[in-house]
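No experiment lies behind these values; they were computed from the predicted model shown.
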Amino acid sequence: MLTEASVLHPALPAAPPAGLRQAQYQRLRGQIPFLYLLLAVNAFALAFTHRHVAPPVLTLWIPAGLILACLVRMAMWLRPVDVARYDTVWIERQLKRTTVLAMLLSVAFVAWALALGPYGGAYQQGHIAIFVAVTVLGVIFCLTHHPTAARLVCSAVIGTFLITCLAVGTEVVIAVAINIALVTAVLLKILHDSFDAFVKLEASKNALLAERRQAQQLGEENARLAATDVLTGLPNRRYFLSVLERTLEQAQPDQPFSIGLLDLDRFKPVNDTYGHAQGDRLLQALGDRIRALCPPGATVARLGGDEFGLLVPGAPAEAETLCDALRDAIRRPVSIGDISVAVGCSAGIATFPDAGTDAHMLFDRADFALYHAKRHGRGGMVRFSDALETLIRSEQALDATLQTARLEDELSVLFQPVMDRVGGRPFGIEALARWTSPRLGAVSPEMLIAAAERTGMTRAVTLTLFDKVLAAMARLPADMRVAFNLSALDLCDGRTIGELAQRIEAAGIRPARLMFEITETSLVSDMVTARAALERLRRGGARIALDDFGTGYSSLAALHQLPIDMVKVDRSFAARLNDAAGRRLLSGIRGLADALAIDCVLEGVETEAQLLAAQRIGFTLVQGFFLARPMPIEAILDLPALRPPLVSPARASSAA
């Protein structure tokens with residue numbers, strides 16, 4: 001079925017797009033005023049040449065009315081109109097009205113011109129033919145973008161003129177009329193082709209614009225996706241850093257803002273216990289809570305893993321208030337299917353310009369504040385301060401000193417016995433790292449390990465200490481076992497594990513004399529890699545101990561997934577030996593170790609009362625300052641009657 005638009009001009013599609021109609025109407029508005037001006041001028045000229053031969057009604061009143069109508073229509077077309085505001089229906093209505101008015105005026109003009117035919121001589125009659133021809137040419141050129149009206153007007157004018165000339169004209173007049181009709185037909189064909197080209201051009205332009213809009217939309221969508229975290233729908237790290245950079249470019253010293261880093265506590269156990277799919281669902285739920293609490297003007301983003309970032313304008317108190325609200329929201333339990341899980345959140349805040357004036361400095365100091373919050377009690381919030389700045393500078397000095405240290409000379413090893421209260425003799429000894437720097441003096445083992453991790457010297461420190469342990473083992477009785485601590489980076493470094501195995505073989509030490517101690521925190525980063533490293537050491541003959549047992553959230557999972565031969569109960573439990581609940585808990589841990597057929601050591605025994613209480617609930621292997629402090633190898637060699645194994649006597653006999 002053809003629409004009104006296709007009937008008006010067959011070259012148009014059945015439903016022309018609004019852009020095409022608007023372009024057609026816009027071009028027409030620039031041409032039609034000249035058409036009316038042409039008609040008015042031609043009518044005046046024709047009336048002027050007939051003023052002495054035709055009656056006044058034909059040379060004054062009728063042309064005056066026609067000219068006035070032309071001027072009124074010209075003025076209407078010259079009025080400014082915002083074509084983009086009007087839809088296709090309105091434009092088609094205007095085009096249809098233009099066609100009707102053009103027909104009426106054309107009939108009126110040709111009728112008036114023919115009415116002047118009987119008056120005057122050959123010159124006046126020739127002027128009438130010229131008037132018709134010029135009018136037709138003007139209509140064709142001025143209605144180029146409205147071919148329907150052009151065809152109708154030309155047909156009416158030329159048809160009437162030709163019929164009249166054939167009926168009453170001379171041979172010359174008839175020849176002129178036929179000539180004008182043929183020229184008009186050719187020009188209408190050219191007009192049709194020209195308008196077809198215009199339609200195709202506009203269609204191509206509209207298609208190009210549509211493709212450009214689509215490309216722009218795709219670009220905007222890609223930009224949005226590139227700046228959005230797919231899992232939570234929050235902005236991602238890239239977007240967060242770009243906003244931080246823009247904020248810094250516009251920031252003034254008297255316009256502070258803060259960046260905060262949030263890190264989830266106890267998130268990894270959710271992944272380990274329920275799977276990564278449930279962990280993702282938990283992050284999505286927490287992302288919804290975070291988004292709901294984000295106030296106008298603030299930016300909250302997921303930076304990766306279980307870490308989120310904040311950018312909060314205003315005083316530090318506003319960032320602290322938002323952090324508190326987010327921590328409270330995150331701590332609320334989340335229902336995931338049939339289970340309910342709860343995690344915590346630690347936060348670190350750095351404020352511009354006090355903590356730094358560039359993105360790198362602000363981010364690093366917020367990260368250090370977060371690290372400080374997690375290190376001194378998970379679930380807290382720390383704002384970067386002058387005290388932390390001093391601590392950073394001291395760490396920088398520590399790192400620089402370690403990088404230039406003579407490890408062979410400055411690192412040493414002390415040994416602390418693990419006592420067997422049944423036999424009253426050392427059950428084995430644990431090697432403890434010590435660093436004495438000529439510049440800094442004695443540095444704690446914790447600071448040594450942290451500095452080694454920051455500077456990438458973990459392998460060098462571990463292997464240097466292990467060489468010293470092997471040298472000490474050569475002086476110990478052949479049945480004496482020694483425990484050596486491995487860090488998280490050691491477990492994740494296949495080269496370090498290989499070097500340890502090579503050194504054991506080169507030293508000629510029986511691997512069964514070595515017990516490698518790990519902590520639960522060293523397993524958090526990559527349980528799969530840790531398990532592979534421990535199984536490699538155990539296949540070589542060494543034993544594995546899980547240190548600080550009971551302080552983490554996946555200790556039971558570690559016992560299930562890893563090749564563990566011994567658990568060492570964290571020293572914090574020894575302080576609970578004086579209350580009934582603490583003793584029941586320790587008794588349960590001791591029973592669990594017996595059920596799994598692994599040895600169990602209670603660390604941190606510092607008083608005789610603790611020792612007696614530990615013995616009453618079944619602990620035979622104990623370690624602590626009350627029994628023996630860390631000592632050099634020479635003092636160990638002076639201890640009376642060392643007994644060999646770092647395993648229980650029952651298991652030692654079965655192994656034999």
Side-chain angles (χ1 to χ4, degrees), residues 412-434 442 444-446 465 468-469 472-473 475-477 479-485 513-519 543-551 564-579 582-583 585-591 593-594 598-652:
S412 60
V413 181
L414 297 181
F415 300 88
Q416 185 177 28
V418 176
M419 303 301 295
D420 181 358
R421 296 308 298 165
V422 174
R425 300 177 179 181
F427 180 74
I429 56 176
E430 178 183 358
L432 303 172
R434 294 294 185 267
S444 71
E446 293 80 8
L465 292 170
K468 293 181 179 294
V469 169
M473 290 180 69
R475 302 173 60 187
L476 291 169
D479 54 1
M480 172 60 68
R481 298 178 185 247
V482 178
F484 183 79
N485 290 277
R513 294 181 60 193
L514 279 165
M515 174 82 77
F516 288 101
E517 289 191 8
I518 59 172
T519 62
R543 300 300 182 97
I544 308 298
L546 182 60
D547 198 9
D548 298 338
F549 182 81
T551 58
I564 301 297
D565 300 286
M566 173 186 284
V567 293
K568 301 184 74 175
V569 183
D570 186 70
R571 65 182 64 252
S572 61
F573 287 88
R576 301 192 58 184
L577 284 168
N578 59 346
D579 64 81
R583 289 192 295 271
L585 180 59
L586 284 168
S587 180
I589 295 175
R590 184 69 185 85
D594 288 341
I598 59 178
D599 292 312
C600 187
V601 177
L602 178 61
E603 297 182 300
V605 176
E606 299 184 355
T607 66
E608 183 178 7
Q610 290 176 347
L611 178 61
L612 294 175
Q615 288 179 312
R616 282 196 295 270
I617 60 177
F619 280 93
T620 59
L621 303 180
V622 289
Q623 183 179 1
F625 284 179
F626 178 73
L627 301 162
R629 291 179 174 273
M631 60 189 75
I633 186 62
E634 291 76 12
I636 292 291
L637 293 173
D638 290 339
L639 293 176
L642 302 175
R643 70 179 290 168
L646 245 176
V647 296
S648 62
R651 295 182 64 202

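Looking at Leu476 and Ile429, their side chains come closer than 4.5 Å, going by heavy atoms from C-beta outward. Considering only heavy atoms from C-beta on, Phe619 stays 4.5 Å or farther from Val605 through its side chain. Between Leu514 and Met473, some side-chain heavy-atom pair lies under the 4.5 Å cut-off. Proximity of Arg583 to Arg616: side-chain heavy atoms (C-beta onward) are nowhere separated by under 4.5 Å. At a threshold of 4.5 Å between non-hydrogen side-chain atoms, the residues Met419 and Pro426 count as touching. Looking only at side-chain heavy atoms (C-beta outward), Leu612 and Leu577 stay at 4.5 Å or farther from each other.
Between Asp420 and the options Leu621, Val622, Val601, a side-chain contact (heavy atoms from CB on, under 4.5 Å) holds for only Leu621. A side-chain contact (heavy atoms from CB on, under 4.5 Å) with Gln416 holds for exactly one of Gln623, Glu603, Arg629; it is Gln623.
Minimum heavy-atom separation, Pro632 to Phe415: C-CD1, 4.4 Å. Closest approach of Pro445 and Arg434 over heavy atoms only: CG-NH1, 3.4 Å. Of all heavy-atom pairs between Glu606 and Phe626, the closest is C-CB, 3.4 Å. For the residue pair Ser412 and Leu465, the shortest heavy atom distance occurs at O-CD2, 3.7 Å. A pairwise comparison of heavy atoms in Pro417 and Ala628 identifies CD-CB, 3.6 Å as the closest pair. The minimum heavy-atom distance between Val413 and Ala431, with the atom names listed, is CG1-CB, 3.7 Å.
A distance of 7.5 Å separates CG of Asp570 from CG of Asp547, quoted to the nearest 0.5 Å. The CD1 atom of Ile633 sits 13.0 Å away from the NZ atom of Lys468 when rounded to the nearest 0.5 Å. Once rounded to the nearest 0.5 Å, the distance linking CD of Glu430 with NZ of Lys568 reads 3.5 Å. Expressed to the nearest 0.5 Å, how far OG1 of Thr519 lies from CG of Leu546 amounts to 8.0 Å. Rounded to the nearest 0.5 angstrom, Leu586 CG and Ile617 CD1 are separated by 4.5 Å. Taking CG from Asn578 and OG1 from Thr607, the interatomic distance works out to 8.5 Å, rounded to the nearest 0.5 Å.
When atom types are taken as modelled, the side chain of Asp565 and the backbone of Ile544 share a donor-acceptor pair closer than 3.5 angstrom. Side-chain N or O atoms of Arg590 include one that pairs as donor or acceptor with a backbone N or O of Gly618 at under 3.5 Å. Judged by distance alone, with hydrogens and angles left aside, the side-chain atoms of Arg513 form no donor-acceptor pair with the main-chain N or O of Val482 at under 3.5 Å.
Around the CD atom of Glu634, the shell of radius 6.0 Å holds more than 12 heavy atoms that belong to other residues, nucleotides or ligands.
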